[in-house]
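So the structure is just underneath, and the comments pick up after that.
Residue numbers begin at 1 in each chain, while the letters A, B, ... track the order of the sequences.
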2 protein chains.
Amino acid sequence: MNDSDEGTGDAAQAKAPSKRKDARRNKEALLDAAASVFVTSGVEAPVRDIAAKAGVGLGTIYRHFPTRADLIIAVYRHQVDACAEAGPALLATSATPHAALGQWINQFVDFLVTKHGLAAVLQSDNAGFEALHAYFLDRLVPVCAHLLEAAADAGEIRSDLEAYELMRGVGNLCIGADSDPDYDARRLVELLIAGLRRPN
Amino acid sequence: MNDSDEGTGDAAQAKAPSKRKDARRNKEALLDAAASVFVTSGVEAPVRDIAAKAGVGLGTIYRHFPTRADLIIAVYRHQVDACAEAGPALLATSATPHAALGQWINQFVDFLVTKHGLAAVLQSDNAGFEALHAYFLDRLVPVCAHLLEAAADAGEIRSDLEAYELMRGVGNLCIGADSDPDYDARRLVELLIAGLRRPN
DNA sequence: AAACGATACGGAACGCCGTTCCGTTTGGCA
DNA sequence: TGCCAAACGGAACGGCGTTCCGTATCGTTT
């Protein structure tokens, strides 16, 4: 899981690993530093903090990750991919498609809620985060659509909601769930999923 | 509805209207300018834009509205108050408490969704917006609690959700609803309210 | 081993933003 | 009319993201 796994060629087309050792080392250091800073200061921590923690200049950070979103994507790519891959698996092992959907959404919520400020940045319309938004959507919306369709086919839920809207809604509900002990995003998401049930 | 109605003494304690004509005029101009800029550029428009539109210096804007949140509150106070007052009225005229709750929430969502960026700023944990958050909560949570309780007493909904959480959830769902034609916050909020129904 | 280009580095500098501060102006009253 | 509290405007500050470019380093080639 090291090497920031360049070369899957899946979402952002793979760049060949740099020829130079220092470049590779710095990229690693930046990923580690970013992950650590994101945990303590949140995803919106100043770029300078990350550069400092990595022992690297500002130019370096921008050369490796042209936009802040690229850095965030790189840090969380594995977890997003894992979440995407969990979808079909859950469908296979759960009692009903609706149950699978619920568990999958729960997993996603757990992920978002534990990443300080990620949900907020994900929906932020500040220019520069479209790439982040797009990456999450590209990976997760198809999975969600699949689960949704399965549940709809089974007659468990209404079929008039797009996967995109559901994902956005869930993401929105997770905003601020950290940093406010009185707000339980999980419960609200459960309510939302419950509201999806076909009014038998 | 002019004069920024200072003196209700309700939420932010009333300051006596300034003795000086220019001060009153500038405050008016700022409120008008802010309202207009908020419509075109959103609630996060640069302070300088508002000052310029009002034909006023930066110092002036900060003297009248010590924090950005104060300005936003002043601009939207009437509408928030109107929303708060609509709660009991709806309860009196609706068929059931749950219907009243639904209509009231709809009204709130309509308000939020039509104010470019308001929902986002409302949940933003950037220091300086707590006052805004607090104002909305102070005015609306009690109303929401009242409606919720009525519906719970009537046995229409589960009773294990705090009004605060519901308001936050609804506010969150409204984030980004402007600026994305593929995301319909209203529908998701309806789903949420539907999920509230007692699983008869 | 030495020299050389490509590659990457670091951080000063720029522009934008919110906010503060203070010298200047003005309104209202004596 | 003269005075001064009140209010004004905008320069200045600090923090941020991002760009730019002179400098240092790596890996190769001779």
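- In this structure, the nucleotide among C:dG18, C:dC9, C:dA6 sitting nearest to the side chain of B:Y62 is C:dG18.
- Remark: the backbone N or O of A:A29 is not paired with any side-chain donor or acceptor of A:D32 at under 3.5 angstrom.
- No donor-acceptor contact under 3.5 Å links the side chain of A:R63 to the base of C:dA8.
- Between the P atom of C:dT7 and the CZ atom of A:R25 lies a distance of 19 Å, rounded to the nearest Å.
- Under a 3.5 Å cut-off, the side chain of A:Y183 and the backbone N or O of B:Y164 do not form any donor-acceptor pair.
- A salt bridge is absent between A:E156 and A:R197; no separation between the charged side-chain nitrogens and carboxylate oxygens falls under 4.0 Å.
- Between the CG atom of B:L71 and the P atom of C:dG18 there is a distance of 11 Å, rounded to whole Å.
- Of the candidates C:dC9, C:dG18, D:dT18, the closest approach to any side-chain atom of A:R68 belongs to D:dT18.
- Of the candidates C:dT20, D:dG9, D:dA7, the closest approach to any side-chain atom of B:D22 belongs to D:dA7.
- Atom pair A:F65:CZ and C:dC9:P shows a separation of 11 Å (rounding to whole Å applied).
- The phosphate of C:dC9 (OP1 or OP2) has a side-chain N or O of A:N26 nearer than 4.0 angstrom.
- Taking the charged nitrogens against the carboxylate oxygens, B:D180 and A:R168 do have a contact shorter than 4.0 Å, which makes a salt bridge.
- For B:T60, taking side-chain heavy atoms from C-beta onward, the closest of the listed nucleotides D:dC16, C:dG28, D:dG9 is D:dG9.
- Using a 4.0 Å heavy-atom criterion, one finds that B:R48 contacts the bases of the nucleic acid, with or without backbone contacts as well.
- Across C:dC17, C:dC9, C:dT19, the shortest atom-to-atom separation from the side chain of A:H64 is found for C:dC9.
- In this structure, the CZ atom of B:R20 is 15 Å from the P atom of D:dC4, given to the nearest Å.
- One interatomic measurement links the two molecules: NZ of A:K21 to C1' of C:dC9, which rounds to 16 Å at whole-angstrom precision.
- Side chain of A:T96 to main chain of A:A99: a donor-acceptor pair is present (N/O by atom type, distance under 3.5 Å, no hydrogens or angles).
- Atom P of nucleotide C:dG11 and atom CD1 of A:I61 are separated by 13 Å, given to the nearest angstrom.
- Among D:dG9, C:dT20, D:dG17, the nucleotide with an atom closest to any side-chain atom of B:L58 is C:dT20.
- Remark: C1' of C:dT19 and CG of B:N126 are 15 Å apart, rounded to the nearest angstrom.
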